[in-house]
2 protein chains.
Amino acid sequence: MLLDNYDIKLLSLLQADSKTSQRQLSEEVNLSPSAVNRRIAALEAAGVIMTTVAVVDPTAVGRPITILVEVKLESERLDLLDQVKKSFANCVQVQQVYYVTGDFDFMLVINVKDMSEYEKLTRELFFSAGNIKTFKTYVAMQRIKVSLNVPLTI
Amino acid sequence: MLLDNYDIKLLSLLQADSKTSQRQLSEEVNLSPSAVNRRIAALEAAGVIMTTVAVVDPTAVGRPITILVEVKLESERLDLLDQVKKSFANCVQVQQVYYVTGDFDFMLVINVKDMSEYEKLTRELFFSAGNIKTFKTYVAMQRIKVSLNVPLTI
DNA sequence: CCTGAAAATCGTGAGAT
DNA sequence: ATCTCACGATTTTCAGG
(Lines give C-alpha, C1' and ligand atoms only; values in the text may rest on other atoms or scores of the structure.)
Protein backbone atom coordinates (compact mmCIF):
# COMPACT_ATOMS: atom_id res chain seq x y z
CA MET A 1 0.00 0.00 0.00
CA LEU A 2 1.23 3.46 -0.92
CA LEU A 3 0.90 6.08 1.77
CA ASP A 4 0.55 9.79 1.24
CA ASN A 5 0.92 12.59 3.75
CA TYR A 6 -2.70 12.33 4.80
CA ASP A 7 -2.22 8.68 5.70
CA ILE A 8 0.99 9.40 7.58
CA LYS A 9 -0.67 12.15 9.54
CA LEU A 10 -3.66 9.95 10.36
CA LEU A 11 -1.41 7.09 11.48
CA SER A 12 0.56 9.46 13.61
CA LEU A 13 -2.57 10.75 15.32
CA LEU A 14 -4.05 7.29 15.76
CA GLN A 15 -0.95 5.72 17.22
CA ALA A 16 -0.90 8.54 19.75
CA ASP A 17 -4.59 8.17 20.56
CA SER A 18 -6.85 5.87 18.63
CA LYS A 19 -9.94 7.23 20.36
CA THR A 20 -9.68 10.48 18.46
CA SER A 21 -12.96 10.80 16.60
CA GLN A 22 -12.92 10.72 12.83
CA ARG A 23 -14.59 14.08 12.86
CA GLN A 24 -11.72 15.57 14.84
CA LEU A 25 -9.20 13.77 12.67
CA SER A 26 -10.86 15.25 9.64
CA GLU A 27 -10.39 18.73 11.05
CA GLU A 28 -6.75 18.12 11.90
CA VAL A 29 -5.83 16.81 8.48
CA ASN A 30 -8.22 18.96 6.47
CA LEU A 31 -10.30 16.23 4.90
CA SER A 32 -13.96 15.35 5.12
CA PRO A 33 -15.01 12.80 7.76
CA SER A 34 -15.91 10.32 5.08
CA ALA A 35 -12.50 10.58 3.46
CA VAL A 36 -10.93 9.92 6.83
CA ASN A 37 -13.23 6.96 7.32
CA ARG A 38 -12.27 5.45 4.00
CA ARG A 39 -8.57 5.94 4.57
CA ILE A 40 -8.64 4.37 8.01
CA ALA A 41 -10.57 1.40 6.65
CA ALA A 42 -7.97 1.01 3.91
CA LEU A 43 -5.08 1.24 6.36
CA GLU A 44 -6.69 -1.48 8.46
CA ALA A 45 -7.48 -3.68 5.49
CA ALA A 46 -3.91 -3.39 4.21
CA GLY A 47 -2.51 -4.27 7.63
CA VAL A 48 -0.74 -0.94 8.06
CA ILE A 49 -2.81 -0.60 11.19
CA MET A 50 -2.35 -4.07 12.63
CA THR A 51 -4.61 -3.71 15.65
CA THR A 52 -6.11 -1.10 17.90
CA VAL A 53 -5.60 -1.83 21.55
CA ALA A 54 -6.05 -0.51 25.05
CA VAL A 55 -2.72 -0.32 26.85
CA VAL A 56 -3.19 -1.61 30.38
CA ASP A 57 -1.02 -0.54 33.31
CA PRO A 58 0.51 -3.80 34.58
CA THR A 59 0.88 -2.48 38.10
CA ALA A 60 -2.78 -1.52 38.29
CA VAL A 61 -3.80 -5.10 37.63
CA GLY A 62 -1.38 -6.63 40.10
CA ARG A 63 1.35 -7.65 37.68
CA PRO A 64 4.14 -5.19 38.39
CA ILE A 65 7.20 -7.20 37.36
CA THR A 66 8.78 -6.85 33.92
CA ILE A 67 11.60 -9.19 33.08
CA LEU A 68 13.94 -9.33 30.12
CA VAL A 69 15.48 -12.64 29.19
CA GLU A 70 18.28 -13.48 26.80
CA VAL A 71 17.98 -17.03 25.53
CA LYS A 72 20.61 -19.12 23.79
CA LEU A 73 19.68 -22.35 22.03
CA GLU A 74 21.50 -25.65 21.79
CA SER A 75 20.52 -26.33 18.24
CA GLU A 76 19.19 -24.00 15.59
CA ARG A 77 17.74 -26.81 13.54
CA LEU A 78 14.78 -25.31 11.78
CA ASP A 79 12.11 -27.50 13.28
CA LEU A 80 13.48 -27.07 16.78
CA LEU A 81 13.78 -23.34 16.24
CA ASP A 82 10.18 -23.17 15.18
CA GLN A 83 9.07 -25.15 18.17
CA VAL A 84 10.84 -22.78 20.55
CA LYS A 85 9.38 -19.73 18.83
CA LYS A 86 5.90 -21.12 19.19
CA SER A 87 6.30 -22.02 22.83
CA PHE A 88 7.49 -18.48 23.56
CA ALA A 89 4.81 -16.79 21.49
CA ASN A 90 2.01 -18.88 22.94
CA CYS A 91 2.88 -17.96 26.51
CA VAL A 92 0.55 -15.21 27.77
CA GLN A 93 3.15 -13.77 30.13
CA VAL A 94 5.51 -13.25 27.19
CA GLN A 95 4.74 -9.87 25.70
CA GLN A 96 7.52 -9.76 23.15
CA VAL A 97 9.84 -12.17 21.41
CA TYR A 98 12.72 -11.09 19.19
CA TYR A 99 14.93 -13.47 17.27
CA VAL A 100 18.29 -11.72 17.11
CA THR A 101 21.80 -11.87 15.76
CA GLY A 102 24.71 -12.00 18.17
CA ASP A 103 25.71 -13.61 21.45
CA PHE A 104 22.31 -15.07 22.06
CA ASP A 105 19.29 -16.08 19.99
CA PHE A 106 16.17 -14.63 21.59
CA MET A 107 15.27 -11.68 23.69
CA LEU A 108 12.02 -11.95 25.60
CA VAL A 109 9.99 -9.34 27.46
CA ILE A 110 7.95 -10.99 30.16
CA ASN A 111 5.30 -9.77 32.58
CA VAL A 112 4.67 -11.55 35.86
CA LYS A 113 2.98 -10.76 39.14
CA ASP A 114 5.93 -11.91 41.24
CA MET A 115 9.18 -13.84 41.07
CA SER A 116 7.54 -17.11 41.96
CA GLU A 117 5.48 -16.86 38.81
CA TYR A 118 8.67 -16.22 36.87
CA GLU A 119 10.38 -19.16 38.45
CA LYS A 120 7.52 -21.38 37.36
CA LEU A 121 7.73 -19.92 33.88
CA THR A 122 11.44 -20.65 33.57
CA ARG A 123 10.69 -24.28 34.22
CA GLU A 124 8.05 -24.43 31.52
CA LEU A 125 9.80 -22.32 28.91
CA PHE A 126 13.47 -23.11 29.47
CA PHE A 127 14.33 -26.05 31.71
CA SER A 128 11.82 -28.53 30.42
CA ALA A 129 12.01 -27.38 26.81
CA GLY A 130 15.08 -29.41 25.92
CA ASN A 131 16.69 -27.11 23.40
CA ILE A 132 17.75 -24.21 25.64
CA LYS A 133 21.49 -23.90 26.27
CA THR A 134 21.41 -20.89 28.58
CA PHE A 135 19.23 -18.00 29.57
CA LYS A 136 20.02 -14.81 31.39
CA THR A 137 17.47 -12.89 33.40
CA TYR A 138 17.30 -9.12 33.82
CA VAL A 139 14.69 -7.67 36.12
CA ALA A 140 13.40 -4.24 35.14
CA MET A 141 13.67 -1.79 38.00
CA GLN A 142 11.90 0.81 35.93
CA ARG A 143 9.88 0.87 32.74
CA ILE A 144 11.02 4.24 31.55
CA LYS A 145 9.31 4.15 28.19
CA VAL A 146 7.04 1.42 26.88
CA SER A 147 5.39 1.87 23.51
CA LEU A 148 5.10 0.40 20.06
CA ASN A 149 5.23 3.79 18.37
CA VAL A 150 6.86 4.02 15.00
CA PRO A 151 8.35 7.37 13.96
CA LEU A 152 6.05 8.85 11.34
CA THR A 153 7.26 12.35 10.70
CA ILE A 154 7.33 12.52 6.93
CA MET B 1 -8.84 1.10 42.06
CA LEU B 2 -10.39 -2.24 42.86
CA LEU B 3 -11.22 -4.42 39.90
CA ASP B 4 -13.91 -7.04 39.73
CA ASN B 5 -14.42 -9.77 37.17
CA TYR B 6 -16.39 -7.47 34.90
CA ASP B 7 -13.50 -5.02 34.77
CA ILE B 8 -11.00 -7.79 34.12
CA LYS B 9 -13.09 -9.15 31.29
CA LEU B 10 -13.55 -5.71 29.78
CA LEU B 11 -9.82 -4.99 29.99
CA SER B 12 -9.08 -8.32 28.41
CA LEU B 13 -11.42 -7.61 25.50
CA LEU B 14 -10.18 -4.06 25.06
CA GLN B 15 -6.51 -4.92 25.08
CA ALA B 16 -7.26 -7.47 22.37
CA ASP B 17 -9.31 -5.01 20.31
CA SER B 18 -10.21 -1.58 21.59
CA LYS B 19 -12.53 -0.94 18.66
CA THR B 20 -15.06 -3.36 20.06
CA SER B 21 -18.23 -1.34 20.55
CA GLN B 22 -19.59 -0.87 24.02
CA ARG B 23 -22.77 -2.56 22.86
CA GLN B 24 -20.90 -5.68 21.88
CA LEU B 25 -18.85 -5.54 25.05
CA SER B 26 -22.06 -5.30 27.03
CA GLU B 27 -23.32 -8.50 25.39
CA GLU B 28 -20.08 -10.34 26.01
CA VAL B 29 -19.90 -9.49 29.69
CA ASN B 30 -23.65 -9.45 30.35
CA LEU B 31 -24.01 -5.86 31.43
CA SER B 32 -25.94 -2.95 29.99
CA PRO B 33 -24.17 -0.60 27.59
CA SER B 34 -24.29 2.20 30.11
CA ALA B 35 -22.68 0.07 32.80
CA VAL B 36 -19.92 -0.77 30.35
CA ASN B 37 -19.58 2.90 29.49
CA ARG B 38 -19.20 3.87 33.14
CA ARG B 39 -16.71 1.14 33.88
CA ILE B 40 -14.53 2.00 30.91
CA ALA B 41 -14.58 5.66 31.90
CA ALA B 42 -13.54 4.70 35.43
CA LEU B 43 -10.74 2.45 34.17
CA GLU B 44 -9.44 5.30 32.05
CA ALA B 45 -9.76 7.87 34.82
CA ALA B 46 -7.90 5.61 37.24
CA GLY B 47 -5.12 5.03 34.73
CA VAL B 48 -5.73 1.30 34.52
CA ILE B 49 -6.22 1.90 30.82
CA MET B 50 -3.26 4.15 30.14
CA THR B 51 -3.91 4.86 26.47
CA THR B 52 -5.69 3.47 23.48
CA VAL B 53 -3.53 3.23 20.41
CA ALA B 54 -3.34 2.00 16.86
CA VAL B 55 -0.47 -0.44 16.41
CA VAL B 56 1.29 0.35 13.17
CA ASP B 57 3.24 -2.21 11.15
CA PRO B 58 6.77 -0.78 10.97
CA THR B 59 7.53 -2.54 7.70
CA ALA B 60 4.47 -1.07 6.04
CA VAL B 61 5.70 2.44 6.73
CA GLY B 62 9.24 1.83 5.56
CA ARG B 63 10.87 1.29 8.94
CA PRO B 64 11.59 -2.44 9.00
CA ILE B 65 14.56 -2.61 11.37
CA THR B 66 14.18 -3.39 15.05
CA ILE B 67 17.28 -3.17 17.19
CA LEU B 68 17.88 -4.13 20.79
CA VAL B 69 20.64 -2.36 22.67
CA GLU B 70 22.22 -3.10 26.02
CA VAL B 71 23.71 0.02 27.56
CA LYS B 72 26.18 0.26 30.42
CA LEU B 73 26.85 3.58 32.11
CA GLU B 74 30.07 5.07 33.45
CA SER B 75 28.47 6.67 36.46
CA GLU B 76 25.13 6.03 38.07
CA ARG B 77 25.11 9.38 39.77
CA LEU B 78 21.46 10.26 40.10
CA ASP B 79 21.49 13.41 38.02
CA LEU B 80 23.49 11.76 35.25
CA LEU B 81 21.20 8.75 35.35
CA ASP B 82 18.19 10.97 34.98
CA GLN B 83 19.76 12.79 32.08
CA VAL B 84 20.42 9.55 30.24
CA LYS B 85 16.88 8.30 30.86
CA LYS B 86 15.45 11.47 29.43
CA SER B 87 17.64 11.43 26.35
CA PHE B 88 16.57 7.86 25.65
CA ALA B 89 12.89 8.46 26.34
CA ASN B 90 12.76 11.61 24.24
CA CYS B 91 14.13 9.88 21.15
CA VAL B 92 11.30 9.01 18.76
CA GLN B 93 13.10 5.97 17.37
CA VAL B 94 13.33 4.52 20.88
CA GLN B 95 10.16 2.56 21.52
CA GLN B 96 11.08 1.10 24.87
CA VAL B 97 13.53 1.79 27.67
CA TYR B 98 14.02 -0.52 30.62
CA TYR B 99 16.34 0.23 33.54
CA VAL B 100 17.53 -3.15 34.67
CA THR B 101 19.55 -5.04 37.24
CA GLY B 102 22.55 -7.04 36.12
CA ASP B 103 25.48 -6.85 33.71
CA PHE B 104 24.23 -3.68 32.07
CA ASP B 105 21.98 -0.78 32.99
CA PHE B 106 19.51 -0.22 30.18
CA MET B 107 17.85 -2.22 27.52
CA LEU B 108 16.46 -0.28 24.58
CA VAL B 109 14.14 -1.31 21.78
CA ILE B 110 14.73 0.86 18.75
CA ASN B 111 13.04 1.21 15.38
CA VAL B 112 14.91 2.54 12.36
CA LYS B 113 14.45 2.51 8.62
CA ASP B 114 18.01 1.32 7.93
CA MET B 115 21.39 0.85 9.57
CA SER B 116 22.59 4.28 8.58
CA GLU B 117 19.82 5.77 10.67
CA TYR B 118 20.93 3.58 13.55
CA GLU B 119 24.52 4.61 13.13
CA LYS B 120 23.50 8.23 13.37
CA LEU B 121 21.44 7.45 16.47
CA THR B 122 24.36 5.78 18.22
CA ARG B 123 26.34 8.97 17.82
CA GLU B 124 23.56 11.06 19.34
CA LEU B 125 22.53 8.71 22.12
CA PHE B 126 25.77 6.99 23.06
CA PHE B 127 29.00 8.44 21.72
CA SER B 128 28.30 12.10 22.31
CA ALA B 129 26.38 11.57 25.54
CA GLY B 130 29.42 11.38 27.80
CA ASN B 131 28.19 8.93 30.40
CA ILE B 132 27.98 5.73 28.33
CA LYS B 133 30.64 3.12 29.11
CA THR B 134 29.61 0.51 26.54
CA PHE B 135 26.67 -0.52 24.44
CA LYS B 136 25.95 -3.75 22.63
CA THR B 137 23.73 -3.95 19.58
CA TYR B 138 21.46 -6.82 18.62
CA VAL B 139 19.60 -6.68 15.34
CA ALA B 140 16.25 -8.42 15.29
CA MET B 141 15.99 -10.87 12.44
CA GLN B 142 12.39 -11.53 13.34
CA ARG B 143 9.77 -9.90 15.51
CA ILE B 144 8.04 -13.06 16.58
CA LYS B 145 5.67 -11.48 19.04
CA VAL B 146 5.27 -7.79 19.77
CA SER B 147 2.59 -6.69 22.17
CA LEU B 148 2.01 -4.89 25.43
CA ASN B 149 -0.60 -7.37 26.57
CA VAL B 150 -0.87 -8.11 30.25
CA PRO B 151 -2.25 -11.50 31.29
CA LEU B 152 -5.74 -10.90 32.65
CA THR B 153 -7.25 -14.28 33.25
CA ILE B 154 -8.70 -13.94 36.72
C1' DC C 1 -9.57 10.39 -5.41
C1' DC C 2 -12.97 13.84 -3.20
C1' DT C 3 -17.48 16.08 -0.88
C1' DG C 4 -21.91 16.19 1.25
C1' DA C 5 -26.13 14.21 2.74
C1' DA C 6 -28.80 10.23 4.31
C1' DA C 7 -28.96 6.11 7.01
C1' DA C 8 -27.29 3.22 10.53
C1' DT C 9 -24.86 2.73 14.61
C1' DC C 10 -22.97 4.23 18.75
C1' DG C 11 -21.99 6.72 23.19
C1' DT C 12 -23.95 8.97 26.99
C1' DG C 13 -26.84 10.95 30.48
C1' DA C 14 -31.46 10.97 32.97
C1' DG C 15 -34.62 8.68 35.67
C1' DA C 16 -36.09 4.52 37.99
C1' DT C 17 -34.83 0.31 40.65
C1' DA D 1 -24.03 -0.35 42.25
C1' DT D 2 -27.60 -1.65 38.12
C1' DC D 3 -31.06 -1.19 33.94
C1' DT D 4 -33.94 0.99 30.20
C1' DC D 5 -34.82 4.49 27.21
C1' DA D 6 -34.05 8.45 24.43
C1' DC D 7 -31.24 11.99 22.54
C1' DG D 8 -27.25 13.75 20.29
C1' DA D 9 -23.10 12.57 18.09
C1' DT D 10 -20.49 9.65 15.34
C1' DT D 11 -19.64 6.38 11.84
C1' DT D 12 -20.72 4.57 7.49
C1' DT D 13 -22.68 4.24 3.05
C1' DC D 14 -23.94 6.10 -1.21
C1' DA D 15 -24.83 9.39 -5.01
C1' DG D 16 -22.59 12.83 -7.69
C1' DG D 17 -18.41 15.42 -9.09
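As the structure is a computational prediction, the values presented were derived from the model and not from experiment. Letters A, B, ... are given to chains in the order of the sequence lines, protein chains preceding strands, and every chain is numbered from 1.
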Problem set entry | A:N37 side chain, from C-beta outward: closest of C:dG11, C:dT3, D:dT12 |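 Closest of the options to the side chain of A:N37: D:dT12.
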Below the 4.0 Å mark, does [N] have OP1 or OP2 next to a side-chain nitrogen or oxygen of [X]?
{"X": "A:R23", "N": "D:dT11", "answer": "no"}
{"X": "A:R39", "N": "C:dC2", "answer": "yes"}
{"X": "B:R38", "N": "D:dT2", "answer": "yes"}
{"X": "B:S21", "N": "C:dC10", "answer": "yes"}

[X] has an atom [atom1]; how far is it from atom [atom2] of [N], in whole Å?
{"X": "B:L3", "N": "D:dA1", "atom1": "CG", "atom2": "C1'", "result": "16 Å"}
{"X": "B:N30", "N": "D:dA1", "atom1": "CG", "atom2": "C1'", "result": "17 Å"}
{"X": "B:L43", "N": "D:dA1", "atom1": "CG", "atom2": "P", "result": "12 Å"}
{"X": "A:L31", "N": "D:dT11", "atom1": "CG", "atom2": "C1'", "result": "16 Å"}
{"X": "B:Q22", "N": "D:dC3", "atom1": "CD", "atom2": "P", "result": "13 Å"}
{"X": "B:I40", "N": "D:dT2", "atom1": "CD1", "atom2": "P", "result": "12 Å"}
{"X": "A:M1", "N": "C:dC1", "atom1": "CE", "atom2": "C1'", "result": "12 Å"}
{"X": "B:K19", "N": "D:dT10", "atom1": "NZ", "atom2": "P", "result": "16 Å"}

Problem set entry | Polar contact flag, side-chain donor to acceptor under 3.5 angstrom, B:N111-B:Q93 |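 Judged by distance alone, the side chains do not pair up.
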Exercise. What are the two closest heavy atoms between B:Q95 and A:K145, and how far apart are they?
Worked result: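 Where B:Q95 meets A:K145 most closely, the heavy atoms are O-CG, 3.7 Å.
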Problem set entry | Ring centers of B:Y138, A:F106 separated by less than 6.0 Å |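 Ring-ring flag for B:Y138/A:F106: false, centres at least 6.0 Å apart.
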Exercise. Do B:R77 and B:D79 pass the salt bridge (Lys or Arg N to Asp or Glu O under 4.0 Å) test, and can you show the C-alpha distance, the side-chain angles, and the key distance before you say yes or no?
Worked result: CA-CA 6 Å; B:R77 237 179 61 200; B:D79 57 333; 2.8 Å; yes
